[in-house]
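Per chain, numbering begins at 1; letters A, B, ... match sequence-line order.
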Amino acid sequence: MISSNSKWIKNVSVNWLKTHCTTIIKTKQAQAFLLRNHLFQEKFASSKLISFLALSESGNLNYAHRIFNQIENPDMFIWNTMIRGYSRSPYPFESISLYNLMIQSGVVPDNFTCTFALTACARLQEIKFGRRVHCVIVKIGFQLDVFVLNSLIQMYGNCGSFDDARTLFDEIPVRDVVTWNVIIGAHVNGGFYQEAFDLFKKMRETDNIEPDEVTILSMVSACTQSGNLEQGLILHSYSNEVGFEKNIHLCNAIIDMYCKCGDLGSAQILFESMIKRDILTWTSMISGLANSGYFRESLVLFGQMQFEKIKPDEVILVSVLSACAQIGALDQGKYIHLLMLRYKVKQDVVLETALVDMYAKCGSMDLGLQVFNKMKTKNVFTWNTIIGGLAMNGQGLDALMFFDQMKSEGIMPDDVTFIGLLCACGHTGLVDTGLEIFRSMKEVYDIQPRIEHYGCMVDLFCRAKLVEDALAFIENMPIRANEVVWATLLLGLSRIGIGEHFELAEKVGKRVIELEPDSCGRYVLLSNLYAGKNQWDDSLRIRKEMKSRGIEKIPGYSWIEVNGLVHQFIAGDRSHVQTDEIYMMMEEMRRRVKLAGGHVSGTAEVLFDIEEEEKENSLYFHSEKLAIALGLISTTPGSLIRIVKNLRVCNDCHSFIKVLSQVFNRHIIARDRSRFHHFSQGSCSCMDFW
DNA sequence: ATAGGGTTAG
């Protein structure tokens, strides 16, 4: 009577369990029920609990493990479920531990066990253990199981052992589409794109197997990484033909491919055509825009995403923060900071570092430091961000202090750390410290200086007006000086005031053009050099030479953010809706600066493609001045103005803005392509050297 | 019950 009753309960509960375990709460109820009715040790019952907890998205591996530990003799299915659960979790090593435990307790692994264990090995790149599993497979004889073989190939491929993967692949008796996907994916991940394309062709030819979505996805990724737009387009039209276009993962990868291959238009068309978009769709498009220089557009699209009430994750926020950083959009950056807190976005070093960087690049080191000081985990990226940020903002001594702190916290500096440190020394005029740091980089940290480090040293000497040392340093470099090093010297000379060094400067200027004949900036340097000496014919000659070689001058852009909206200007811009007011303010600026005196209008760095008589005007209407004019009319008197420029601020504007900061009583922070200028009361933080 | 997939930083 009793036994038949318990049998009844068992049957009912098993059926009930099959559909019941859908949430943690319900699973706990089921567990309590099983315990109460002494059914817990029934394998079939407890395995239902385990499989939900270990495999479901909403499960809980830890909890599964606790239940697992209470099972006296787990059967094969339960072992396999646990091993599988861990193999796809962030802790694949646990999977291997359990595999060992299983063998120790005398249970012989089956083909399922081996597949799961191999997945764990693949993810851990544990080839040694993977080979041990391989031996077991041969010993027991699972060589004919295509699942086992596929995961073996995957394991070898992921561990970088292409020979093993390839041998198995060639010897395997039956290959299915996954086999092909695994071997293709391995080659794509290894950077062997041509081989991947060859294999892609062969899968049809030799095995008559049609590619599926995963195949196409891997191939699209190969195009992305190798910049192969042509093949990418073919893959896109193929996936439309066979109906893969509803696969959201694939579409995301294609958007990413278009963006990284420079075809933003096709990316946008696909993005617009998608009916369902996930967070990765948005991330691909938004970061794609930002990476191609469309910063404002990427922020606008992020705004649309907000409008559609999609919760941002930590990855997309990194993208938009870096867009804000590039154009100095502080208000939007602050708003994103707010979103992080409001949505309780996962704490993440990458994100917090991007936040610090955004504040640093907007010239708000105080806010950057606040975030930095609250960060729980910091890595070398984080330290480099704060050190570089301080150096760029003219707080060189603080940068050096943070380096000491970094060392005391046991973080190893890398090559980028030293770029920041050498910049810091340059800004502060600490020549000896710079030399000492340069030496310790090589001798203490065993980091070989790159050409950029030499460039920093040349800059350091020039700032200290040690032209001879700079020259000697260049001559003694173990690697050949490149155009960057020479351009640094030339720029340095022109900042010191060319004077007696004119001949040297001219020689260097010619050298720089020889070394990099395709870069407009190099011609501009030499041309300006002549203009500065009133050698207008030479100056024009260089400009003509540049034009005749078909090299366009990169237009100078300036950005200013007003009430969370970023406005963009080019020289002489008349496209802004408030153009009339802006130009009225420009007139006012000119009048008051002139009245105050101290600003000598120079015509050295003018835009040559404008007629001679307009020289002074074009210089006068440089984009940074237009941006400042908008700033003056749209903010309250006395408040801070921030602008960002994509090129270097020219001499004339620099001198103009200095006086302007005094007469308008404004603190103006201008970021140009290499550093910050904090203008205040008639002077600038760069000490007129940039 | 089994294998294969994309986005972010100095």
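Taking both residues in full, the closest heavy atoms of A:L299 and A:A329 are given as CD1-CB, 4.4 Å, listed atom of the first, atom of the second, then distance. Residues A:Y454 and A:P449 approach most closely at OH-CG, 3.4 Å, considering heavy atoms.
Counting distance only, with no hydrogens placed and no angle test, the side-chain atoms of A:D357 and the base atoms of B:dA9 include no donor-acceptor pair under 3.5 Å.
Among B:dG5, B:dT7, B:dT8, the nucleotide with an atom closest to any side-chain atom of A:T283 is B:dT7. When distances are taken from the side chain of A:T115 to each of B:dT7, B:dA3, B:dT8, the shortest belongs to B:dA3. Listed nucleotides B:dA1, B:dA3, B:dT7 differ in distance to A:T119; the shortest reach to its side chain belongs to B:dA3. Closest approach to the A:Q154 side chain among B:dG5, B:dT7, B:dT8 is made by B:dG5 (side chain taken as heavy atoms from C-beta onward). Checking B:dT8, B:dG5, B:dT2 against the side-chain heavy atoms of A:R84 singles out B:dT2 as nearest. Taking only side-chain atoms of A:F116, from C-beta outward, the nucleotide of B:dT7, B:dT2, B:dG5 with the closest atom is B:dT2.
Residue-level contact check: A:N247 touches the bases, meaning some heavy atom is under 4.0 Å from a base atom. Counting non-hydrogen atoms under 4.0 angstrom, A:V214 reaches a base of the nucleic acid. Across all strands, A:D212 comes closer than 4.0 Å to base atoms (heavy-atom distances). A:D278 comes within 4.0 angstrom of a nucleotide base, judged by non-hydrogen atoms across all strands. Counting any heavy atom pair closer than 4.0 Å across all strands shown, A:D348 reaches no nucleic acid atom. A:K260 comes within 4.0 angstrom of the backbone, heavy atoms only, and of no base.
Listed by first and then second residue, the salt bridge (Lys or Arg N to Asp or Glu O under 4.0 Å) pairs that reach into residues 374-387 of chain A come to none, sequence neighbours excluded. Each side chain to side chain donor-acceptor pair (under 3.5 Å) pair with one or both residues in residues 166-177 of chain A, not counting sequence neighbours, appears once here: A:N150-A:D176, A:R175-A:D207, A:D176-A:T179. Residue pairs meeting the side chain to side chain donor-acceptor pair (under 3.5 Å) criterion with at least one partner in residues 284-295 of chain A, sequence neighbours excluded, are absent.
Rounding to whole angstrom units, CZ of residue A:F244 and P of B:dG5 are separated by 17 Å. Rounded to a whole Å, the NE2 atom of A:H249 is 13 Å from the P atom of B:dT7. Spacing between atom NZ of A:K346 and atom P of B:dT8 amounts to 15 Å, rounded to whole angstrom units. If you measure from atom CZ of A:F112 to atom C1' of B:dT2, you get 5 Å, rounded to the nearest angstrom. Here the C1' atom of nucleotide B:dT8 and the CD atom of A:Q326 are 14 Å apart, to the nearest Å. Spacing between atom CZ of A:R123 and atom C1' of B:dG5 amounts to 13 Å, rounded to whole angstrom units. Going from atom CZ of A:F52 over to atom P of B:dA1 covers 17 Å, rounded to whole Å. If you measure from atom CH2 of A:W79 to atom C1' of B:dT2, you get 19 Å, rounded to the nearest angstrom.
Not counting sequence neighbours, the partners of A:S46 by the side chain to side chain contact (heavy atoms under 4.5 Å, CB included) test are A:I71, A:I78.
Applying a 4.0 Å cut-off to non-hydrogen atoms, the residues of residues 129-150 of chain A that approach DNA chain B are A:F147, A:N150, listed by residue number.
For B:dA9, the OP1/OP2 oxygens have no side-chain nitrogen or oxygen of A:K361 closer than 4.0 Å.
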Tell me which donor-acceptor pairs under 3.5 Å the side chains of residues 342-351 of chain A have, and how far apart each pair is, sequence neighbours excluded?
unit_1	atom_1	unit_2	atom_2	d
A:D348	OD2	A:V350	N	3.4
A:D348	OD2	A:L351	N	3.1

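Under 3.5 Å, the side chains of A:T215 and A:D212 contain a donor-acceptor pair of N or O atoms.
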